[in-house]
Amino acid sequence: MVVYQIFTRLFGNKTRANIPGGTFGQNGAAKFNDIDGNVLRQIGKMGVTHVWYTGIIRQATQTDFSRYGIPRQHPDVVKGKAGSPYAIADYYDVSPELAEDVDNRMAEFEALVRRTHQAGMKVIIDFVPNHVARQYQSICKPQGVSDLGEDDNPDMGFSPQNNFYYCPGQEFIAPVSSESDSSLLTPRYIEYPAKATGNDCFTNAPSRNDWYETVKLNYGVDYMAGQSPINYPSTPITQHPSHNTWQKMLDILLYWAAKGIDGFRCDMVFMVPTAFWQWAIPQVKAQYPDIIFIGEIYDPALYRPFIAAGFDYLYDKVGMYDCLRDVTCCYRRAADITWQWQATDDIARHMLYFLENHDEQRLASDFFAHDGRRGLPALLVGALLQQNPFMLYAGQELGERGMDAEGFSGRDGRTTIFDYWHLESIDHGYFNRRRLTAEEKSLMLEYQKILLIKERERAVSQGQMFDLMYVNQHIGDRQYAFLRKAGRELLLVVANFSGDAVDVDVNIPRHAFEHMGITEGQQTAKDLLTGEQTPFVLKADGALHITLAPWYGRVYTFIIK
């Protein structure tokens, strides 16, 4: 499983103005229809199995779509001109800016789902369960569905019957103000009483660093009484006091599952009671057995409880991502990778490895590796070490640097999720391929080679892994080596996290021969990255002499007699 994350608003945007802080009219946005069959087939050539379309569900934005019957959002509670895709304004709608025909926007999204399936890939979208936009109002909800907060009693800070948390008797104070904007219907944003903010901020005056554009959803957890989502009691829904929010969120999951999508990437899952997931996920899978749930989570101590709650995969951000980043930046030894996979060995197939996503800094940015090619050894390890899925972020394979100061997000090494923008790298890679630079083309081919090894080599997709570092500590600072084997196919992967070309002797212990059924003798190995063929003598407790290029590696394949 290889997931390709597309930030839909930016992917395929043809407007090149790139005015910092520019409006929708100035900078434009991509459309569902831009991601056509040709683009999808190009993505599929990298071995991608799932496309995660980020920013599909309608979010709060400063762009005025009121002529289409869409409520206007106040800029005091929208981050950036475009707004965050995680400040959901209507769970039953899609973003109008992504449609050629705004009135027909849902049909255009459904057509994108069909095109993705026709290209042989599956569709993942975001489910944002913890918070919504401050001015949440559904105009597309099914008949008979009451809106979130519609039946709340705002005089109670916490009530198990409420969908939100409140600050009774206190007005919301936004950390930003647009009072000088004469075009606004109201000079400042008014909310009384204030609702609690999405990042568990239970005051009426969140800071600029809080998720002030969002409000926290109430699943029945009384934070003021010391409860937490983790210790919240798991009881049947018929006995549950917070069934209103639970039922509404389950209905939303089922609504989108019925659109034919194949999975949900669930935002900040640890901020929602584990009990909710234990209750909701089986009900969705009862109707849609093949649908998958991917959880964003940052506490390794919670990995196993959330897998037990029904999640198929979890971000391994604090584990493998942080380790691979530190090794790439020379902050840690390559041998430390061993400890990371061992920490989750019992749940290895549930771990989603990645090197970039919309929250993290770009590999090629000045804040990370400075050059996309320096990420190749980490890609070799992340993609080939285990049988678990791997994810890449659109533009990563082209060396997108994320060094623009787009507006709200500033020059921070990330690709903005708050602004309208055009990405030259993606334009070159998928829409104007004649403009591909030599560097972009070369890096894209490397990604394709490595990810196709993950897809096509049975030793990776089905085989067992043997970590060689315990007998190779002499190379453990900047190199990492492991074996993969299935049937007669044996792979030796050696990654070089160094900017220097090096010659290394990789030891293969007798235990590896016995454990994996490797036979000794003369072999000719082929490097799947370069096509080179090299004679080797496989011998228990012997060593293979290998030459490694800077920031690269070897993937040797042997056919065992």
(message) When you measure from the side chain of Thr61 to the backbone of Ala82, do you find a donor-acceptor pair of N or O atoms at a distance under 3.5 Å?
(response) yes
(request) Considering non-hydrogen atoms only, spot the tightest contact between Asp419 and Leu10 and give its length. (result) O-CD2, 3.8 Å
(request) Kindly indicate whether the side chain of Leu314, heavy atoms from C-beta on, has any atom under 4.5 Å from the side chain of Ile307. (result) yes
(message) Using only atom types and a distance under 3.5 Å, with no angle test, would you say the side chain of Gln464 pairs donor to acceptor with the backbone of Met516?
(response) no
(request) Nearest 0.5 Å please: distance from the NZ atom of Lys454 over to the OG atom of Ser461. (result) 8.5 Å
(message) Centroid separation under 6.0 Å, is that true for the rings of Tyr393 and Phe7?
(response) no
(message) Could you check whether Phe311 and Trp277 have their ring centres less than 6.0 Å apart?
(response) yes
(request) Would you check if the side chain of Glu108 reaches a backbone N or O of Asp101 as a donor-acceptor pair within less than 3.5 Å? (result) yes
(request) List the steps, then state whether ring pair (Phe, Tyr, Trp, His ring centres under 6.0 Å) holds for Phe466 with Phe482. (result) CA-CA 6 Å; Phe466 193 98; Phe482 57 94; over 10 Å; no
(message) Closer than 3.5 angstrom, by distance alone: can the side chain of Asn388 be matched with the main-chain N or O of Met351 as a donor-acceptor pair?
(response) yes
(message) Among residues at least two apart in sequence or on other chains, which ones pass side chain to side chain contact (heavy atoms under 4.5 Å, CB included) with Asn199?
(response) Thr197, Cys201, Asp210, Trp211
(message) Within the 3.5 Å criterion, strictly below it, is a donor on Tyr192 or Gln170 matched to an acceptor on the partner's side chain?
(response) no
(request) Among residues two or more places apart or on two chains, list those pairs meeting salt bridge (charged side-chain N to carboxylate O under 4.0 Å, His left out) that have a residue in residues 344-353. (result) Arg304-Asp346
(request) Answer yes if the ring centres of Tyr321 and Phe354 are under 6.0 angstrom apart, and no otherwise. (result) yes
(message) If I compare all heavy atoms of Arg208 with all of Lys79, which pair ends up nearest, and what's the gap?
(response) O-NZ, 4.4 Å
(request) Go through the side-chain N and O atoms of Gln137 and Gln73 and say whether any donor and acceptor fall under 3.5 Å apart. (result) no
(request) Report yes if the side chains of Met121 and His117 come closer than 4.5 Å at any heavy-atom pair, otherwise no. (result) no
(message) Tell me every residue that passes side chain to side chain contact (heavy atoms under 4.5 Å, CB included) with Asn13, counting only those two or more places apart in sequence or in another chain.
(response) Thr15, Ala30, His422
(request) Hey, can you tell me if Tyr165 and Phe202 have their rings parallel, tilted or perpendicular (30° and 60° cut-offs)? (result) perpendicular
(request) Would you mind checking if Asp312 and Lys285 are paired as a salt bridge, meaning a charged N to carboxylate O distance below 4.0 Å? (result) yes
(request) With rounding to the nearest 0.5 Å, note down the distance linking CG in Asn163 to OH in Tyr219. (result) 9.5 Å
(request) Measure up the Trp246 and Phe276 rings against each other and bin them: parallel (under 30°), tilted (30 to 60°), perpendicular (over 60°). (result) perpendicular
(request) Indicate, with yes or no, if the rings of Tyr92 and Tyr255 have centres closer together than 6.0 Å. (result) yes
(message) Counting only heavy atoms from other residues, nucleotides and ligands, does the tally under 6.0 Å from NZ of Lys317 exceed 12?
(response) yes
(message) For Pro154, is there any backbone N or O sitting under 3.5 Å from a side-chain donor or acceptor partner on Asp152?
(response) no
(message) Could you report the tightest heavy-atom contact between Phe32 and Arg105, atom names first, then the distance?
(response) CE1-O, 3.8 Å
(request) Using ring-ring contact (aromatic ring centres under 6.0 Å, His included) as the criterion, list what pairs up with His358, not counting sequence neighbours. (result) Trp52, Tyr86
(request) Go through the structure and list residues passing side chain to side chain contact (heavy atoms under 4.5 Å, CB included) with Val318, not counting sequence neighbours. (result) Tyr298, Pro300, Asp322
(message) Can you see whether Gln59 engages Ser95 through a side-chain donor-acceptor pair at a distance of less than 3.5 angstrom?
(response) yes
(request) Ignoring hydrogens and angles, tell me if any N or O in the side chain of Tyr212 forms a donor-acceptor pair with the backbone of Ala205 under 3.5 Å. (result) no
(request) Drop me the distance from Leu352's CG to Tyr313's OH, to the nearest 0.5 angstrom. (result) 9.0 Å
(request) Test Thr54 against Ile6 for side chain to side chain contact (heavy atoms under 4.5 Å, CB included), laying out the working first. (result) CA-CA 6 Å; Thr54 303; Ile6 286 177; over 6 Å; no
(request) Report yes or no: is the cationic atom of Arg265 (NZ for Lys, CZ for Arg) closer than 6.0 Å to the six-membered ring centre of Phe127, at no more than 45° off its axis? (result) no
(request) Indicate whether any N or O donor in one side chain lies under 3.5 Å from an N or O acceptor in the other, for Ser159 and Tyr166. (result) no
(request) Would you mind reporting whether Val269 and Tyr315 have side-chain heavy atoms less than 4.5 Å apart? (result) no
(request) Verify whether one side chain among Asp251 and Gln247 offers a donor that lies under 3.5 Å from an acceptor in the other. (result) yes
(message) Pair Gln135, Tyr189 - check side chain to side chain donor-acceptor pair (under 3.5 Å), show working.
(response) CA-CA 10 Å; Gln135 292 182 290; Tyr189 176 68; 5.2 Å; no
(message) My understanding is that only one of Thr203, Asn204, Val77 makes a side chain to side chain contact (heavy atoms under 4.5 Å, CB included) with Phe172; could you say which?
(response) Val77
(request) Measure from the side-chain N and O atoms of Gln278 to the backbone N and O of Ala309, and report whether any donor-acceptor pair falls under 3.5 Å. (result) no
(request) Check whether any side-chain heavy atom of Phe390 sits under 4.5 Å from a side-chain heavy atom of Leu379, and report yes or no. (result) yes
(message) I'd like to know if Arg134 and Glu213 make a salt bridge, using a cut-off of under 4.0 Å between side-chain N and carboxylate O.
(response) no
(message) Checking Gln361 against Arg325: is there a side-chain donor and acceptor pair closer than 3.5 Å?
(response) yes
(message) Quick check: closest heavy atoms across Ser84 and Phe418, and the distance to 0.1 Å?
(response) CB-CE2, 3.6 Å
(request) Dump the intermediate steps for salt bridge (charged side-chain N to carboxylate O under 4.0 Å, His left out) on Asp200 and Lys216, then the final yes or no. (result) CA-CA 7 Å; Asp200 295 352; Lys216 174 84 174 176; 2.7 Å; yes
(request) Please determine if Arg332 and Asp326 form a salt bridge, counting it only when a charged side-chain N lies under 4.0 Å from a carboxylate O. (result) yes
(message) Determine whether Asp93 and Lys141 satisfy the following criterion, salt bridge (charged side-chain N to carboxylate O under 4.0 Å, His left out), listing intermediate values before the conclusion.
(response) CA-CA 8 Å; Asp93 199 1; Lys141 63 183 186 297; over 6 Å; no
(request) Quickly, which of Glu397, Gln5, Glu356 forms a side chain to side chain contact (heavy atoms under 4.5 Å, CB included) with Leu392? Name it, please. (result) Glu397
(request) Could you tell me whether the side chain of Asn104 and the main chain of Ala107 form a donor-acceptor pair under 3.5 Å? (result) no
(request) Decide yes or no for Ile43 and Val39: does some side-chain heavy atom of the first lie under 4.5 Å from some side-chain heavy atom of the second? (result) yes
N/O donor to acceptor pairs below 3.5 angstrom from side-chain atoms of residues 142-151, sequence neighbours left out:
{"residue": "Ser146", "atom": "OG", "partner": "Lys248", "partner atom": "NZ", "Å": "3.3"}
{"residue": "Asp147", "atom": "OD2", "partner": "Ser138", "partner atom": "N", "Å": "3.0"}
{"residue": "Glu150", "atom": "OE1", "partner": "Asp147", "partner atom": "N", "Å": "2.7"}

